[in-house]
Amino acid sequence: MTRVQHDYVPQEIEPKWQKRWDETKLFNAEFDSKKPKKYVLEMFPYPSGRIHMGHVRNYAIGDVMARYFRMQGYNVLHPMGWDAFGLPAENAAIQNKVHPLKWTYENIANMKAQMSRLGVSYDWRREVTTCAPEYYKWGQVMFLKMLDQGLAYRDKRSLNWCPSCSTVLANEEVVDGQCWRCDSNVEQKEMDQWFFKTTQYAQQLLDDLKQLQQWPERIRHMQTNWIGRSEGAEIDFTVDGHQEKIRVFTTRPDTIYGVNALILAPEHALVLKLSRGTSQERAVGEFIKKMKSLDKSARTSEDSEKEGVFTGGFAIHPLTKAKVPVWIANFVVTDYGTGALMAVPAHDNRDHAFAVKYKLPIVQVVALDSKSPGETELPFVDEGVSINSELINGLSTSEAKTKIIAELVRLGIGEARVNFRLRDWGISRQRYWGCPIPVIHCEKDGVVPVPENQLPVLLPDAVQFSGKGGSPLAHHESFVKTKCPKCQGPARRETDTMATFVESSWYYARYCAINHHTSAVSKSDCQNWLPIDHYIGGVEHATGHLLYVRFFHKLMRDWGWVSGDEPATQLICQGMVYKDGAKMSKSKGNVVDPDELVSKMGADTARLFMLFAGPIEKDLEWSDKGVEGCHRFLGRVYRLVMNSLEELRSIKPIDVATTPEAKKLQHLLHKTVKSVTFDIEKDFHYNTAISFMMEFVNALYLVDLKAADKESQGVFRNCLEKLVLMLAPFAPHMCDELWEQLGQKGFTLDQNWPKFSESLAQVSEKEVVLQINGKIKDKITVSAGTVDAELQRLALANTKIVEILKGQAPKKIIVVKDKLVNIFI
RNA sequence: GCCUCUGUGGCGGAACUGGUAGACGCGCUGGACUCAAAAUCCAGUAUCCGUAAGGAUGUGAGAGUUCGAUUCUCUCCGGAGGCACCA
């Protein structure tokens, strides 16, 4: 009989199934209270125009999850959308004269088509596009709610400013201190900005990290670090000869007797007052001027030299009443603590260096190393025992802190204080392509919120993009000119837009409802679907997006919109895709285009490679050969079924085995199902799950179907069906095709995930290693569970062992059931 | 400087609670099929010595705990990432 060799041609299979899935609305998710739910979410992309390999990896990880859980009987929500506002669209408008709206929507269409070609199972009815008015309207509603509650406020902050383009620059647009477009030197300019009070939630954001046991430890650490809680005290020093007080923050109130100076930020409100009329007045003025000319990063980077000047003024030490000089220095910043610190050179590295540089006296050693007090080296920054400190001598650092704080409180000159490194979130962007901030500036009434019935404040279409002269919105007269909602007088609209991170902070809740037009999120749908069970994205969002979503979730919780403290139960941070040792990027020219790969090898191969090449959370090195290997494996599975299709069609699948051959196959099947299931369940070890299926296929290839007994044939067919189902989440197109070819109805996605029997998955025979002094000498096969005494007897009777022992009596024998016997001589 | 992660063949990577290190894939070698090649199928493949049987070495380095360590503890070295004049 001649055999037709069946070739695996994904280019024919994949479009066929994508069409069928689409026609049958296979991926639509409806809530069903009778089924357990899973919300699987991949971070939505910025519509840059084309998906890259990182996206493919991201979506493949999520799609296998979504499909696997569905086969396991879960009701799975798996939506997708677009983080559609942002700088690149506006830059494209400036450079290519395309309107951001057009550019964005064309890109979305492109990328959506690319995603469909990958066969990702999204319920597109839930699609969210953040630049659509029906989405950003709700962002404005939330902004106004925050404004009302004092959680959104306006304040001055210095920004990167290009004097030649007369526009604000994002940090990414400043290259070596120069404007990316015109190379002018970038200046710092103070401007009114909008802020969200993230600091109000700092403690909660920190505390609730404990709930996130299924987030990578690394991310939790990064957030802890970023929030940066430190406990200490605020202490008042009175200024010599003035009414004012200088309040400092310190984490070491116990070292207060060691203070040799106060150091203020150059911007501190009292600086000019202190220096006025002193010989230092000019030096102080010059120093302040110099600091202003520096950009923020240069000013605060650790590389820059510690610099300062004496203000000419003095403060009075609150306990010793000594006169303490007041300095200003570049390393003290206004927006942490009180913008002023007490310098204790004996117990702080930086204060020590500063004192040495400016020859300030190192007043007093006030703490000693409790272990070796005689050898305390300065600066001694660890905890120890207080000395030379009237009130707290002999106390340990922590006792001393408590006592000093109590004393300060008693005297009314200080208090315990917790500070966070986390700053309030600046959300103003002087850009067009973003969500308009819905407020109006009236000369009479100040900042007036746009009434809710006038929302959304729409972005006007007809604007000019020059890249110069600030935000295009500011030049759009009919947008800017408006009436004050309060006094009806002439007023100006806010022309800043919100940072895109605002929109991406609550999209996951919006997905829960379809066609919901009455509020930002649907409370009942959120109740049904939230929290996200598995959230998948890159590490780069660790202290940005992933902190902002947590913040927004807490806001929405406090508004009664959602329940639960946290948006996502499990976070999976996938690694990056590398090629030739570098991250894939256009500039490096090492990009592999997903579309090209899909048309050459098929989506199934692309997906499989992304998951097989390594664990999902680790970086992945691209390998053309590795891709071929995955393609070869899929071909092997395809041919395994197709080349014996005629025989297979007349065989009924069974899971009963009495003959040795059938038993062997059955055991192999159950063992494989168990291993694959276990590896997917255990933090999605896809790479090893796939390798178990490869082993399974290798073994099935060795079966001679025609020569096999009837029973084995039935078990063999069962093996193939289960293999197809297990592989289906990874390579859904090919598996649906094979499922159909095997004469089965429906989609693999609607089948139950294969089950296994623990006893059938167990091996009945174990190979036990025989060792002499820890070296392997032989292996014997015994039935599983053979008792220790019997194992020892078998080992001592083994010919090789007997030969080596030569009649010597063993000193000691260690027996590990089902594993080994170790004999010592 | 502080914090976190990481180090296994020629390469990507396996190894559950300490118990046969290197599964699976790539690459390489050989064989089958073919006039031939590709594709496919089968087999071998850590290193060193040895024709072989066999032996020795081996999970970044060193020590420790243990009958036994890739796995646990300590010290050091290399790589990646985060924070960073934060008082």
Side-chain angles (χ1 to χ4, degrees), chain A residues 5 7 216-226 228-230 232-234 248-252 255 262-263 265 299-307 329-333 335-344 348-351 353-354 381 419-423 539-540 542-543 575-576 608-609 612-615 617-630 632-633 635-636 639 643 675 678-679 682 685 687-698 701-702 767-771 773-776 778-779 811-824:
Chain A
Q5 178 73 40
D7 289 327
E217 222 189 333
R218 180 170 49 142
I219 303 291
R220 297 203 308 264
H221 273 117
M222 280 162 79
Q223 292 208 354
T224 305
N225 214 334
W226 187 263
R229 187 191 140 99
S230 58
E234 285 189 358
V248 301
F249 173 70
T250 177
T251 53
R252 290 293 300 271
T255 62
L262 298 191
I263 309 179
R299 153 92 189 271
T300 54
S301 96
E302 197 175 3
D303 305 332
S304 55
E305 178 121 0
K306 287 163 190 42
E307 277 185 287
N330 59 343
F331 57 84
V332 184
V333 293
D335 56 352
Y336 184 77
T338 58
L341 61 86
M342 59 180 218
V344 185
D348 181 275
N349 289 321
R350 193 195 42 211
D351 295 346
F354 192 75
V381 298
N419 258 324
F420 293 94
R421 199 165 304 191
L422 182 77
R423 307 294 155 91
V539 236
E540 65 273 20
T543 50
M576 287 200 281
L608 193 73
F609 172 72
F612 178 63
E617 70 280 2
K618 283 177 93 180
D619 289 340
L620 176 157
E621 174 70 27
W622 181 265
S623 150
D624 287 327
K625 291 288 184 187
V627 176
E628 280 170 38
C630 288
R632 200 172 302 152
F633 167 68
R636 249 168 99 75
R639 286 185 299 273
N643 289 351
S675 305
F678 182 82
D679 275 5
K682 216 206 148 199
H685 289 181
N687 57 331
T688 50
I690 293 165
S691 66
F692 280 118
M693 288 190 270
M694 286 173 167
E695 275 184 83
F696 189 39
V697 169
N698 290 346
Y701 257 89
L702 300 179
E767 196 175 57
V768 170
V769 176
L770 305 183
Q771 296 178 321
N773 293 343
K775 304 258 176 192
I776 300 157
D778 204 4
K779 295 167 185 179
K811 274 191 198 147
K812 189 173 178 183
I813 300 175
I814 289 181
V815 182
V816 183
K817 192 182 264 181
D818 291 341
K819 284 197 176 126
L820 61 77
V821 180
N822 194 0
I823 300 166
F824 291 85

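Chain A is the first sequence line, chain B the second, and so forth, proteins listed ahead of strands; every chain is numbered from 1.
To the nearest whole angstrom, the two P atoms, one in B/C77 and one in B/A61, are 15 Å apart. When the P atom is compared between B/U4 and B/G10, the two are found 32 Å apart, to the nearest whole Å. Taking atom P in both B/G19 and B/U70, the straight-line distance is 10 Å, to the nearest Å. Separation of the P atoms belonging to B/U59 and B/U8 is 11 Å when rounded to the nearest angstrom. Atom name P, nucleotides B/U51 and B/A15: the rounded distance is 38 Å, in whole Å. Between the C1' atoms of B/U29 and B/A80, the separation comes to 36 Å (whole Å). Straight-line distance between the C1' atoms of B/U40 and B/G22: roughly 28 Å, to the nearest whole Å. Look at the C1' atom in both B/G60 and B/C67: the space between them is 27 Å, to the nearest Å.
Listed by chain and residue number, nothing satisfies the ring-ring contact (aromatic ring centres under 6.0 Å, His included) test with A/Trp226 (two or more places apart in sequence, or in another chain). Take A/Asp619 and apply the side-chain hydrogen bond (donor to acceptor under 3.5 Å, both in side chains) test, not counting sequence neighbours, and it matches no residue. Applying the side chain to side chain contact (heavy atoms under 4.5 Å, CB included) rule to A/Asn225 yields no partners; only residues at least two apart in sequence or on another chain are considered. Considering only residues two or more places apart in sequence or on other chains, A/Phe609 meets the ring-ring contact (aromatic ring centres under 6.0 Å, His included) condition with A/Trp622. Residues satisfying the side-chain hydrogen bond (donor to acceptor under 3.5 Å, both in side chains) criterion with A/Asp335, sequence neighbours excluded, are A/Arg423. Under the rule for a side chain to side chain contact (heavy atoms under 4.5 Å, CB included), the partners of A/Asn349 that lie at least two apart in sequence or sit in another chain are A/Pro379, A/Val381. Partners of A/Arg218 under the side-chain hydrogen bond (donor to acceptor under 3.5 Å, both in side chains) rule, at least two apart in sequence or in another chain, do not exist in this structure. A search for side-chain hydrogen bond (donor to acceptor under 3.5 Å, both in side chains) contacts involving A/Arg252 returns A/Asp254, not counting sequence neighbours. Applying the side chain to side chain contact (heavy atoms under 4.5 Å, CB included) test to A/Asp679 and every residue at least two apart in sequence or in another chain returns A/His685, A/Thr688, A/Ala689, A/Phe692.
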#### Entry: From CA spacing to verdict: side chain to side chain contact (heavy atoms under 4.5 Å, CB included), A/Gln771, A/Ile814
CA-CA 10 Å; A/Gln771 296 178 321; A/Ile814 289 181; over 6 Å; no

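A/Arg632 contributes atom CZ, which lies 10.0 Å from atom CE of A/Met694 (distance to the nearest 0.5 angstrom). In this structure, CG on A/Asp348 lies 12.0 Å from CZ on A/Phe354, to the nearest 0.5 angstrom. Taken to the nearest 0.5 Å, the CG atom of A/Asn698 stands 5.0 Å off from the CZ atom of A/Arg636. A/Glu234 contributes atom CD, which lies 6.5 Å from atom CG of A/Asn419 (distance to the nearest 0.5 angstrom).
Of all nucleotides listed (B/C86, B/C41, B/G82), B/G82 comes nearest to the side chain of A/Met222. The A/Asn225 side chain lies nearest to B/G82 when the options are B/A87, B/G82, B/G13. Nearest nucleotide to the A/Arg639 side chain, out of B/C41, B/C42, B/A87: B/C41. Among the nucleotides B/U4, B/A87, B/C41, the one closest to any side-chain atom of A/His221 is B/U4.
Mapping A/Gly337 and A/Glu621 onto RNA chain B by nearest heavy atom places A/Glu621 closer to the 5' end of the strand.
A/Tyr701 has a side-chain polar atom (N or O) that falls below the 4.0 Å cut-off from OP1 or OP2 of B/C41. Applying the 4.0 Å criterion to OP1 and OP2 of B/C86, one finds that A/Arg350 has a side-chain N or O inside that range. Neither OP1 nor OP2 of B/C83 sits under 4.0 Å from any side-chain N or O of A/Arg229.
Atoms CG (A/Asn349) and P (B/A87) sit 12 Å apart, rounded to a whole Å. Distance A/Leu620 CG to B/G13 C1': 11 Å, rounded to the nearest Å. Atom CH2 in A/Trp622 sits about 16 Å away from atom C1' in B/C11, given to the nearest Å.
In this structure B/C16 sits in no base pair that meets the Watson-Crick or G-U test at under 3.5 Å. Both distances falling under 3.5 Å, in either a Watson-Crick or a G-U wobble arrangement, occur for no nucleotide opposite B/A21. B/A53 is unpaired under the criterion used here, namely a Watson-Crick or G-U wobble arrangement in which both key atom distances are under 3.5 Å. For B/G44, the paired nucleotide is B/C28, the pair qualifying as Watson-Crick or G-U wobble because both relevant distances are below 3.5 Å. Across all strands shown, B/C76 forms a Watson-Crick or G-U wobble pair with B/G60, both key distances being under 3.5 Å. Judged by Watson-Crick or G-U wobble contacts below 3.5 Å, the nucleotide B/U71 has no partner. Under the Watson-Crick and G-U wobble criteria, each requiring two contacts below 3.5 Å, nucleotide B/G81 is paired to B/C3. Across all strands shown, B/C35 forms no Watson-Crick or G-U wobble pair with both key distances under 3.5 Å.
A/Phe633 and A/Phe612 have their aromatic ring centers separated by at least 6.0 angstrom.
A/Pro615 comes within 4.0 angstrom of the backbone, heavy atoms only, and of no base. Within 4.0 Å of A/Asp619, counting heavy atoms only, lie sugar-phosphate atoms of the nucleic acid but no base atom. Counting any heavy atom pair closer than 4.0 Å across all strands shown, A/Thr224 reaches no nucleic acid atom.
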Collect all protein-nucleotide pairs involving nucleotides 19-24 of chain B in which both atoms are nitrogen or oxygen and the distance is under 3.5 Å.
from, atom 1, to, atom 2, distance (Å)
B/U20, O2, A/Lys779, NZ, 2.7
B/U20, N3, A/Glu767, OE1, 3.2
B/U20, O4, A/Glu767, OE1, 3.1
B/A23, O2', A/Glu695, OE2, 3.2

Might you list the N or O atoms of the protein lying below 3.5 Å from N or O atoms in nucleotides 26-28 of chain B, with each pair's distance?
from, atom 1, to, atom 2, distance (Å)
B/C26, OP1, A/Arg632, NH1, 2.7

Interface polar pairs with nucleotides 6-8 of chain B, N/O, under 3.5 angstrom:
none

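Side-chain to base pairing of A/Arg423 with B/C86: one donor and one acceptor N or O lie within less than 3.5 Å of each other. Below the 3.5 angstrom threshold, one finds a donor paired with an acceptor across the side chain of A/Lys306 and the base of B/C85.
A syn base is found at B/G9: its glycosidic angle is within 90° of 0.
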